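Encoded as structure tokens, the structure appears first; notes follow it.
Just so we're clear, the structure is a prediction, and the values are computed from it rather than from any experiment. In what follows, every chain begins at residue 1, and chains take the letters A, B, ... in the order their sequences are listed.
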2 protein chains.
Amino acid sequence: MKYSNQTRFLVAVDCIVFGFDGTEYKLLLIQRGFAPEKEKWSLMGGFVQPEESLDEAASRILKQLTGLQDIYLEEMKSFSKPNRDPIERVIAVTYVALIDIKKYQQQINDDFHARWFPMKELPKLIFDHQEMVEIALDKLRYKAAFQPILFELLPEKFTLPQLQTMYEGLYNTKFDKRNFTRKLLSTNLLKKEKDKDKLSSKKGAFYYSLDVKQYKETVLTIQKIIPLHEITAARE
Amino acid sequence: MKYSNQTRFLVAVDCIVFGFDGTEYKLLLIQRGFAPEKEKWSLMGGFVQPEESLDEAASRILKQLTGLQDIYLEEMKSFSKPNRDPIERVIAVTYVALIDIKKYQQQINDDFHARWFPMKELPKLIFDHQEMVEIALDKLRYKAAFQPILFELLPEKFTLPQLQTMYEGLYNTKFDKRNFTRKLLSTNLLKKEKDKDKLSSKKGAFYYSLDVKQYKETVLTIQKIIPLHEITAARE
DNA sequence: ATTATTAGTGTAAAAAATACAATTAATTTT
DNA sequence: AAAATTAATTGTATTTTTTACACTAATAAT
């Protein structure tokens with residue numbers, strides 16, 4: 001027994017993978033391996049398979065691309081204009097992933113020709129992928145203003161100046177460092193380590209790490225991390 | 001030219017339609033007209049058609065159900081477990097709509113047997129529709145804490161006590177009325193009318209209306225309407 | 001030893017949020 | 001007509017949060 005007389009569609013998942021290298025935000029792109037638009041830069045995506053949910057499809061695709069599992073991954077929005085793919089109608093559901101660039105290993109499988117691009121130097125992307133990235137970035141700004149999700153971008157140990165650079169980069173602004181660190185420390189998510197990062201200054205900056213227990217308790221809690229007027233454009 | 005060897009799927013849109021009658025929140029449900037689960041209560045949904053986007057499909061479905069156009073409607077989340085529909089795999093994308101109950105006309109087409117149910121007296125719903133509603137409600141709580149979207153639920157003219165009841169109902173709490181009205185008036189979204197609603201009290205409460213110009217400028221702006229500790233669960 | 005560079009820190013003022021209760025307007029009852 | 005009832009309306013003082021602002025500390029390079 002089936003639903004008869006209804007059209008069936010190709011459904012794809014496209015992953016918008018953001019990274020942060022301590023200085024700037026980057027986006028992970030691949031060179032598309034098949035026509036149309038072969039060799040053009042593209043988000044990592046793939047067709048949904050018969051026995052997997054969309055979440056599972058997104059995890060599978062991300063694992064293929066990065067070799068990583070258990071990374072931050074969240075459904076964002078569907079893209080479904082009938083002619084968005086010139087070959088055939090494809091309904092795309094996008095997912096946003098946040099990963100620590102340093103954890104990323106160019107995988108077993110280098111078939112994808114994946115590359116990190118600084119957000120300010122993105123190449124032309126296929127189809128509506130540019131729009132997907134823009135919306136994803138806006139939503140990330142919105143979300144990160146209330147929930148401490150940007151920690152997903154950081155390595156185990158990071159410094160307060162790195163943390164601040166990360167937030168300043170997302171909102172394209174400068175924060176006063178006394179007020180910023182006071183705010184972030186007041187979340188109780190940070191544990192001060194004993195050693196310092198000496199790479200970026202003579203004095204060296206103490207490392208901090210995420211208090212994972214606190215984080216798990218708090219990540220779903222709403223906090224005002226960033227002044228609301230910094231959030232400008234699209235949002236959920 | 002087509003993408004060969006890929007499985008195609010039925011894609012449906014399901015609409016979670018919230019209303020508020022001045023006292024309590026309600027959900028618009030229909031009795032499903034075909035098997036399986038014929039006659040059971042269900043969200044209003046339908047299959048995506050070949051030449052429409054998902055947004056267009058949602059608008060079409062909502063128009064069929066309510067007779068209304070140009071109502072608040074936003075994509076929420078996909079639901080895609082392979083066996084969520086016992087007949088055949090269907091990937092559902094949900095939309096949330098907010099409508100003024102008083103504008104709703106039981107349509108030309110009464111075929112759907114649509115009915116408003118108080119949120120606290122929902123019947124058993126088919127498939128995963130109950131989960132959809134729960135998630136939608138959580139996301140509405142989140143969103144309404146920052147953007148003045150609940151006005152979509154109100155008629156042209158409403159009173160401050162009604163407004164407060166609406167917010168208190170969503171967050172299942174009580175607000176101090178001096179503080180609450182001060183907060184809402186400070187948004188500059190409200191215009192005081194000359195007449196009063198005499199239905200719910202002897203003294204009568206002045207009507208207010210939405211300043212539509214201000215609203216259009218402000219609706220995408222983030223404001224802290226509700227204390228953050230009132231927001232508990234799911235969010236975008 | 002001096003210089004250069006970035007990390008780290010405290011306080012006062014302003015703004016926002018909260019706690020709190022008496023008065024007013026109109027209808028209903030006596 | 002007076003009294004009682006009911007819900008709407010209104011202000012202030014206190015606490016909390018946010019903002020503005022500048023000097024000292026540590027180390028490497030010269």
- Message: In this structure, how many angstroms lie between the P atom of C:dA16 and the CD1 atom of B:Ile225, rounded?
- Response: 15 Å
- Item | Closest-nucleotide ordering on DNA chain C, the 5'-leading residue of B:Ser201 and A:Ala205 | A:Ala205
- Where does the angle between the aromatic ring planes of B:Phe151 and B:Phe158 fall among parallel (under 30°), tilted (30 to 60°) and perpendicular (over 60°)? tilted
- Task: Specify whether A:Phe20 and A:Tyr25 have parallel, tilted or perpendicular ring planes, treating 30° as the upper limit for parallel and 60° as the lower limit for perpendicular.
- Result: tilted
- Looking at B:Phe79 versus B:Phe127, is the centre-to-centre ring distance below 6.0 Å? no
- Item | DNA chain D: stems of at least 3 consecutive Watson-Crick or G-U pairs whose donor-acceptor distances fall under 3.5 Å | C:1-30 with D:1-30
- Query: Could you give the NE2-to-P distance, from B:His229 to C:dA17, as a whole number of Å?
  - Reply: 12 Å
- Task: Please find the earliest and latest nucleotides of DNA chain D, in the 5' to 3' direction, that have an atom within less than 4.0 Å of any heavy atom of chain B.
- Result: D:dT5 to D:dT12
- Is A:Asp195 salt-bridged to A:Lys157, cutoff N-O under 4.0 Å? yes
- Is a side-chain donor or acceptor of A:Thr173 paired with a backbone partner of A:Glu168 at a separation under 3.5 angstrom? no
- Query: Is any NZ, NE, NH1 or NH2 atom of the basic residue among B:Glu74 and B:Lys143 found under 4.0 Å from an Asp or Glu carboxylate oxygen of the other?
  - Reply: yes
- Query: Does the pair B:Lys213/B:Asp211 count as a salt bridge with the N-to-O cut at 4.0 Å?
  - Reply: no
- Item | Sugar-phosphate, base or nothing in reach of B:Thr159, heavy atoms under 4.0 Å | nothing
- Out of curiosity, A:Ile101 CD1 to A:Leu28 CG, how far, rounded to the nearest 0.5 Å? 8.5 Å
- What are the residues of residues 166-194 of chain A, sorted by number, that bring a heavy atom to within less than 4.0 Å of DNA chain C? A:Lys177, A:Arg178, A:Arg182
- A:Tyr167-A:Phe180 aromatic ring centre distance below 6.0 Å: yes
- Verdict with supporting geometry, A:Asp21 and A:Lys102, salt bridge (charged side-chain N to carboxylate O under 4.0 Å, His left out): CA-CA 8 Å; A:Asp21 67 2; A:Lys102 285 166 189 155; over 6 Å; no
- Note on the structure: Atom CG of A:Leu228 and atom C1' of C:dA15 are separated, to the nearest Å, by 14 Å
- Length of the line joining B:Lys202:NZ and C:dT27:P, which is rounded to integer Å: 10 Å
- Would you indicate whether the side-chain heavy atoms of A:Gln147 and A:Ile222 approach each other to under 4.5 Å? yes
- Query: If you take atom types as modelled and just measure distance, does the side chain of A:Lys203 reach the base of C:dA7 with a donor-acceptor pair under 3.5 Å?
  - Reply: yes
- Message: Using heavy-atom distances to pick each residue's nearest nucleotide on DNA chain D, tell me which of A:Lys198 and A:Pro227 is more 5'.
- Response: A:Pro227
